[in-house]
Amino acid sequence: MDTIRSFEQEALECLTALYEPSEAREIARQLLEEVRGCTRTQLLLLSKDTLLSPAECARLERMLHDLSAGTPLQYVLGHTYFAGHRLTVAPGVLIPRPETEELIELILQHPESRASQRLLDVGTGSGCIAYALTAALPEVKQSVALEVSSEAAPIAEANFEALRKATGREVYLWKHDLFALLEKHTPPMPPLDLIVSNPPYIHPEEAEEMTPQVLLHEPHLALFAPEASPIAYYIALAELVAQGYLRSGGNLWVELNPLYATATEEAMLERIGRQHAKTKLIHDLSGKVRFLHLTYCPAE
Ligand code: GLN
């Protein structure tokens, strides 16, 4: 391989087992854009006989090798797009999903969100939720992202640093465990306006239906809920609310497992007190119940 033409040919052959030809062609272009640091238009304007340097060839070979071993494209490129933002990703974090972009959209469309000043993202991973909300909500003064994974934390940090450089807005990365935090009973003063979370929610028994690309390459800590209690994280989030982390009238939004949607709603209402919260389950674009919106209304 030493020209664009020969690379595209090699990519097609190499990726045929895992990708449709049209997808493989698209991937080859994305790899070329990444390695040459050019846009799609610039790439398409180049002659197919353009020579690739030995360094470019070596990098492209490595990328093709990783892709044919099943590594997701986003990890190979080192970035992905989420809610219109380019974010760094690496194998220590879950690749942000389109459903989570829908969650961001729901939150941004909700009339009360715009006034939010203090927000918390629990289990931030790549930082995608905290990043997108902090970039979009005009009144945010304090934005905190909780993450326990040592692999994920530096990636979230890198994204938050990029956000700070681009917009001047800051997200504070708090490297802490949710369950350990609950032990302390130290809700913030004043309490938060908005809590958001996309915790691990796949039951280990569902692993059989997952693709090897997800199962072998993405962090299980971010994917799988505890076997004994697949909604344990949601009960912990409800506990945060019950401890006073969310102000009266504040909103909590979570992404959840459609299989446990009602059980999740019931358990959270149970923990907070049925009379102290209003909840709504919301469908995603594929028609599955995927989100829960909870408004906290404690007795005054
Ligand atoms: N939505 C992710 C998936 O389908 C799972 C993420 C999670 O458990 N929060 O792979």
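For ligands, and for the atoms within them, numbers begin at 1 and follow the listed sequence. Given the structure is predicted, the values throughout are model-derived calculations rather than measurements.
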For residues 66-76, which side-chain N or O atoms pair as donor and acceptor with protein atoms under 3.5 Å away, sequence neighbours left out?
from, atom 1, to, atom 2, distance (Å)
Ser68, OG, Leu64, O, 2.9
Ser68, OG, His65, O, 3.1
Thr71, OG1, Asp66, O, 3.0
Tyr75, OH, Val93, O, 2.6

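- A single hydrophobic cluster is seen to contain both Val241 and Leu178, as judged by linkage of ILVMFWY side chains at heavy-atom distances under 4.5 Å, directly or through other members.
- Applying the salt bridge (Lys or Arg N to Asp or Glu O under 4.0 Å) definition to pairs two or more places apart or across chains, those involving residues 184-209 are Asp193-Arg247.
- The aromatic rings of Tyr260 and His203 are tilted relative to each other, their planes meeting at an angle between 30° and 60°.
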Listed pairs under 3.5 Å, donor-acceptor, residues 221-237 side chains, sequence neighbours left out:
from, atom 1, to, atom 2, distance (Å)
Ser229, OG, Ala232, N, 3.4
Tyr234, OH, Glu255, O, 2.6

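- Ligand 1 lies under 4.0 Å from heavy atoms of Leu94, Arg97, Glu99, Asn198, Pro199, Pro200, Tyr201, Ile202, Ala222, Leu223, Glu255.
- A distance of 12.5 Å separates CG of Leu119 from CD of Glu139, quoted to the nearest 0.5 Å.
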